[in-house]
Each structure stands twice: as C-alpha cells, then as structure tokens.
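One structure below.
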Amino acid sequence: MAEIDITDKIGYTLLKKGIIDYETLERSLHVREGEDKKSRRNLGQILVSDFHIDHDLVFREVANLYAFREIYLSDEVIDSGRIDFIKKYVDALPENYRDLLIQTRALPLRFDEKQQDKLIVITADPTDRRIPSIARNFGVKKYEVCYCRLKDLQGLMEQVVPVENEFLKLLASSDVQMDTGIEDEGAVDEETLESEISKSALVNLVEGCLVEAVRQGASDVHIVGKEGNRTEILLRVDGNLKMWHIQEGTMPEAVAAVVKDRSKNIDRFEREMSQDGFIQRTIDGHQIRFRVSIMPIVGTEFKHKFESIVIRVLDDRKVITDLNKLGLQGPAKEFFYKAISKPQGIIILTGPTGSGKSTTLIAAVHQVIDPTVNVLTVEDPVEYIIRGARQLKIGPKMDFDLAIRGILRHDPDIVLVGEMRDKTTAEIAIKLANTGHLTFSTLHTNDAPSTVSRLYKMGIEPFLIAYAINIIVAQRLLRTLCSNCKKPLKLSDKDVQIYLKFGFTEEMIKNTTFYDPVGCDKCNGGWKGRTAIHEALYFTREIKQIIVSSGIDVNEAAIREQAVRDGMWNLRRSGMERMIEGVTTLEEVVATTTEE
C-alpha cells in the first residue's frame, strides 16, 4: 500500500477516530485524485456518496475541522412561525436556486441572536460549494453557514418543502383538474389520465419508491388514493408503516395507472375488482421481485375510482437458509429439530400475516432438501425461489386446489403447502403426512393449541390430527433495540412489581440488565430490525392422547397445560428470554403477545 499523506486533515481525523479504515481512506483518496480539479469533491463527500460511510459521522468531523458551528434543532423552537419564516425565504428564491437548495439540503433557519442582520443557514454539508450562491439569493447582507445533522434536517425539510422527496428529482407541478361539478359515478376520462401521467414525474416517483423500499429494508409499499387529488405512499419498516411521500395535485388514478403499467398480469383499465401481479427489477446489482395487490376502495368523491395498492418486497437476500440463524430458543429449538428429522408428519407454522412464518418454513425446508428426495411446493403466490425444490406454478389453468390434488400423483418425498386454507387442503396435507411424506404448512391461528381446534372445526377427525402432526409452532416478530443507542433501564420498586407480575422471578430481575430505546442516526427511534419468538407444541404421547379423546370440542386448556409440563415455552416466556438477552422491552412483548 502507498503511504497516505497525513496532511489530508479530513482523512487523517476520520482514520484516527475509527470512522474509516486505512483501505477505505486509500481508495477514497485515489477516487479524488482521478477527478477534475475544477469539480473535485472533498474527501467527506466522496466517503459518503461512493463508500456509504455514515453522513453525520463524517460531516460532524468535517464541520469541527473547518470551524463550522453546529446547530442542534432540538434546542430550537420549530413552531408554525418558524416554518413560515423559512418558507418565506425559500419561496422567494428563483426556481433554479430553489431546486439547488433542495439538492444541497440547505435552509435559512433564523437571524443570529447577537448580530440581528446575520442570517443562519443550516446544512448537512457546509463544504458544498453551491451553498454561498444560494445564500446570496436570500437577499441579506450577512449570513453564516452552520452544520446540522442530516437526520434532523430531513424532518425540517419535509415540513418546509413537503412535495419534494430526497431520493427523486423534483416532481413537475400539476395544475388542478377541471371540475365539471358532476358528482355522479362514471367512467374515468382516459385521455385526461394520460395527460396527467405525461405532465407529472410519476414514473420517477413509482420507480423511486421501489428502489427506496429495498434500500430502507421495507417489507411493503402502500400506495393509497385519497380525496383532493392526493396519493399517500407509505413504507412498512420493522413492522410499522411510515409516510414516505405525499403526491399532491395529481389524480389518484394516474398514480395507480403507472403502477399497473409496470406490473405483469394486471389490467390498467380494470378499477372495480381486486388484481394481483408482480414487478421485477434489478436494484443495486440484485434482482428483486415485488408482489403487487390492488383493491378498489370507497371514497367520498364519486367522480374518482379510488384503489389501494400494496406492494410486497421479495428480496432473496433476506431469505434464511440456515436454521440455526432463525434464533429458536430453549426447548423450541430441540423440539423443532426433532420434528423435521422424522421421515413423515406435518410441521405447522401459525401466526398472523407478516409474522415470518414463510421465512421459518423455507429455512426448515432447506434443512431437509437433499438430491435424493423430491421436494414439491404448492404456494399461491410463490414468494421466494427455493433451490433444489420443484415449485408448482399456479395460474389460470392450474389453480391451488388442482395443484394440491395433483401433488399426490407426482411422487413427492417432502411437500410444502403454502397454507391450509380449507378442509380440502387440510385433508390432503393430512393424507400426505399419513402416507409417509414430510409435510410443511401454515395456518392463521393465535397460538399453537388453538390450531388443533381450528383443524377439528374444519372437519378433520381427532385421531388423524393426533397422528399426522409432528409439531405446531406459533410465531411472532418483535422489534429489536438499536445496539448503538439503547440505554440500561433503572427499575423502580413499582417497575419490579410489574416485572414480577409479568412472570419474572426476583433472581431473574437481579441478574438481568433491561434496556430502553433512545434513538440515533443509525436506527428508527431506538429500534432496528426484528427478531422472532416461538411457542413450540411438540406432539408427545400425552398430547396425542388428549386430542384423540376429544369429545365435541378440543380441550385447548388441557393441551396447553400438558405442553408446559413437557417443557413448552409460551410466546410470553419466549419474549421474556429476548428481554433477558437485552434485545427488546417489556412494552414490545406485551404489545405483540396476549395474556393467557
């Protein structure tokens, strides 16, 4: 390696503080040397844009080094008066400088307390060469450029210029639609719609939200048409929906039409029935699939056909193929391995939508896939490609029921049935299990014991349930605390009583450090990622006997009591273990699980 010139103060400071390593510094210097001297970026800009080093970590050091003052927005009063003050200056800018202000993320904040004629301009990169030209256009005699954290600044930017989106180019402004005053429900004018799409940067918006969803690790994108020519776009990150963009002044049908045009198997002109399709894109060098679901919804403006669009992000990089990485705890891990090691029987995963059932099932199937066995899957729709398995293609000529019936004649060894949705599906899954096949499937129930009742109510005989099922695993996802900013929690006497009531022993409380979320630039309000908790009901001889001897109803309480005697942890006990590990909080476990 060539010796690094330590006269580069930015690089040397970041290296010394451990923000970058030697190799990254060397590579970034090499990039800078290759740039034209007139337009050459500084090292901080290169590290953030080309090497994805945390923006605020880099530019806080840059600001310190070049003596830019740091402004903390948490110390400022950001009320409607302050927003109006900022907007007054932003709106007065010529259009090209206003665009530049958004690109550089610079905002006039207030006049200096000590020098009443000096305007404070805040920015996340005070070294950007374009900022002085913007500041001069504010029409003030003096100004001072100050550093402000990007995370704080983005929130303020959204309030001042809400139509803009950091990821996208400026959206072309749309004129208000001609209102004929007719409120009768009728056909949408396709010509008007086409012109609406043409004059708005809607293609950029839709493509941009797909890219941003992948980069933010979102599981879903929600696009919802609203009254007043308004469309909201939300991303589901770590289980919670958050607003990403609000498209104003554009017909909701136009936004929906752009999504439909980019989706396969969806009719753009159909607005009265639900539709399902998919989109495929290569993003950051990886092929990503998006599952699109469109449903008509009711609105107060009868002249519009409102639709709700949900796009599920199917990123194969998130698929877990190693069962050890699922984080099965305590007895659940032992029970699960024992269940999938059997040559036949059903493994059932239960839980609400989005609880990670498919992820667990796919990891389990990967564990048992072998070139000597025929692995077949029946899923509608197929979400992730499982290498080594034959995944049957559901379509107009072979629906889910036909595929399920045909699978018995296709010489399977291991079968994955996406969901036991009715008696027919459940009966065939039971038949597969009882004729020497290892079967995996899912069911929507609240916990493991209630799954037995659900199958019984579907019309499956108790003795078939008892001898076909190996294990039922109920699963939930808990948000996990950010390891960078979580803080130890000091328990008061009242807190201790709450924890004891929840199920902790005094010894557990004494030997455990509990944590609270804080929030930093690396997380989402103190939370980052999710982890699973499990309730594993393994079918022991005693459990089978309780089920076989069921009368007109399955005794769920007896099953639950016996399972606990056999070593099963319920969901709350599994959640307690996550708290002991220091990865989540009592509030999160309470919100995700129910009291028994």
| note | Residues A468 and I430: closest non-hydrogen pair is CB-CD1, 3.8 Å

| Minimum heavy-atom distance between G567 and P331, given as atom pair plus value | O-CG, 3.0 Å

| query | Does the side chain of L416 reach to within under 4.5 Å of the side chain of V375, using non-hydrogen atoms? | reply | no

| said: If the threshold is 4.0 Å, N to carboxylate O, is there a salt bridge linking E270 and K260? | reply: no

| field | Side-chain heavy-atom pair R476, P352 within 4.5 angstrom cut-off | value | yes

| Within the distance-only criterion (no hydrogens, no angle test), does the side chain of D56 pair as donor or acceptor with the backbone N or O of L150 below 3.5 angstrom? | yes

| Does D447 reach the side chain of N570, with side-chain heavy atoms less than 4.5 Å apart? | no

| task | Compare every heavy atom of L432 with every heavy atom of P412, then report the nearest pair and how far apart it is. | result | CG-CD2, 4.3 Å

| query | Any side-chain heavy atom of N470 within less than 4.5 Å of one from L438? | reply | yes

| said: What I'd like to find out is whether the side chain of L477 reaches to under 4.5 Å of the side chain of T592, using heavy atoms alone. | reply: no

| query | Which pairs, with at least one residue in residues 408-423 and sequence neighbours excluded, count as a side-chain hydrogen bond (donor to acceptor under 3.5 Å, both in side chains)? | reply | D422-T425

| query | So does R578 pair up with E581, basic N to acidic O under 4.0 Å? | reply | yes

| request: Kindly say whether L478 contributes a backbone atom to a donor-acceptor pair with the side chain of E588 at under 3.5 angstrom? | output: no

| L235 side, atom CG; W244 side, atom CH2 - distance, nearest 0.5 Å | 7.0 Å

| query | Hey, are the side chains of I533 and Q329 touching, using non-hydrogen atoms and a 4.5 Å cut-off? | reply | yes

| said: Under a 4.0 Å threshold between the charged nitrogen and the carboxylate oxygen, would E577 count as salt-bridged to R573? | reply: yes

| message | On a heavy-atom basis, which atom in F290 and which in I283 lie closest, and how many Å separate them? | response | CZ-CD1, 3.8 Å

| request: Please list, chain by chain and in numerical order, all residues satisfying ring pair (Phe, Tyr, Trp, His ring centres under 6.0 Å) with F514, sequence neighbours excluded. | output: Y499, F504

| Quick one: does T593's side chain have a donor or acceptor within less than 3.5 Å of a partner on R572's backbone? | no

| message | Rounded at 0.5 Å granularity, tell me how far CG in L361 sits from CD1 in I347. | response | 9.0 Å

| said: For the CZ atom of R236 and the CG atom of L241, what is their distance to the nearest 0.5 Å? | reply: 4.0 Å

| remark: By side-chain hydrogen bond (donor to acceptor under 3.5 Å, both in side chains), Y467 pairs with (sequence neighbours left out) none

| query | So, for E556 and S453, which heavy atoms are closest and what is the spacing to 0.1 Å? | reply | OE2-OG, 2.7 Å

| query | How long is the span from the CD1 atom in I348 to the CD1 atom in I472, to the nearest 0.5 Å? | reply | 5.0 Å

| Does a sphere of radius 6.0 Å around CE in M295 hold more than 12 heavy atoms from other residues, nucleotides or ligands, not counting ones at 6.0 Å or beyond? | no

| remark: Distance col, row F51:CZ vs R27:CZ, nearest 0.5 angstrom, shows 4.5 Å

| Can any side-chain N or O of Q391 pair as donor or acceptor with the backbone N or O of E379 at less than 3.5 Å? | no

| Take atom CD in E587; do more than 12 heavy atoms of anything else shown fall under 6.0 Å from it? | yes

| request: Starting at CG of L210, measure out to CD of Q280 and round the result to the nearest 0.5 Å. | output: 12.5 Å

| request: Please test Q475 against T359 for side-chain contact (heavy atoms from CB on, under 4.5 Å), starting from the C-alpha separation and ending with a verdict. | output: CA-CA 11 Å; Q475 180 168 317; T359 301; 5.6 Å; no

| query | With distance as the sole test, does K226 use its side chain to make a donor-acceptor pair with the main-chain N or O of E232 at under 3.5 Å? | reply | no

| task | Measure from the side-chain N and O atoms of S574 to the backbone N and O of H534, and report whether any donor-acceptor pair falls under 3.5 Å. | result | yes

| said: Looking only at side-chain N and O atoms, does T445 offer a donor or acceptor that is under 3.5 Å from a partner on T451? | reply: yes

| field | 4.5 Å side-chain heavy-atom contact, L481 and P517 | value | yes

| query | Is a donor on one side and an acceptor on the other found under 3.5 Å between the side chain of D261 and the backbone of V258? | reply | no

| request: Go through the steps to decide whether L349 and F440 satisfy the test side-chain contact (heavy atoms from CB on, under 4.5 Å), and finish with yes or no. | output: CA-CA 8 Å; L349 263 291; F440 297 86; over 6 Å; no

| request: Might you confirm whether atom NZ of K342 has over 12 heavy atoms from other residues, nucleotides or ligands at distances under 6.0 Å? | output: yes

| task | Taking the side chain as every heavy atom from C-beta outward, state whether D566 and Y538 have any pair of such atoms under 4.5 Å apart. | result | no

| said: What verdict does the side-chain hydrogen bond (donor to acceptor under 3.5 Å, both in side chains) test give for Q497 and D493, after you've listed the backbone C-alpha separation in whole Å, the side-chain angles of each residue and the deciding distance to 0.1 Å? | reply: CA-CA 6 Å; Q497 291 306 311; D493 291 340; over 6 Å; no

| query | Given T584 and T531, is the side-chain contact (heavy atoms from CB on, under 4.5 Å) satisfied, shown in steps? | reply | CA-CA 9 Å; T584 195; T531 188; 5.7 Å; no

| message | For V259, run the side chain to side chain contact (heavy atoms under 4.5 Å, CB included) check against I266, V221, V206 and tell me which one passes. | response | V206

| request: Determine whether more than 12 heavy atoms belonging to other residues, nucleotides or ligands lie under 6.0 Å from atom CG of N446. | output: no

| note | Closest non-hydrogen atoms of G582 and K486, given as atom of the first, atom of the second and distance, are O-NZ, 2.6 Å

| Derivation of the side-chain contact (heavy atoms from CB on, under 4.5 Å) call for I386 and H366 | CA-CA 8 Å; I386 305 171; H366 274 283; 3.8 Å; yes

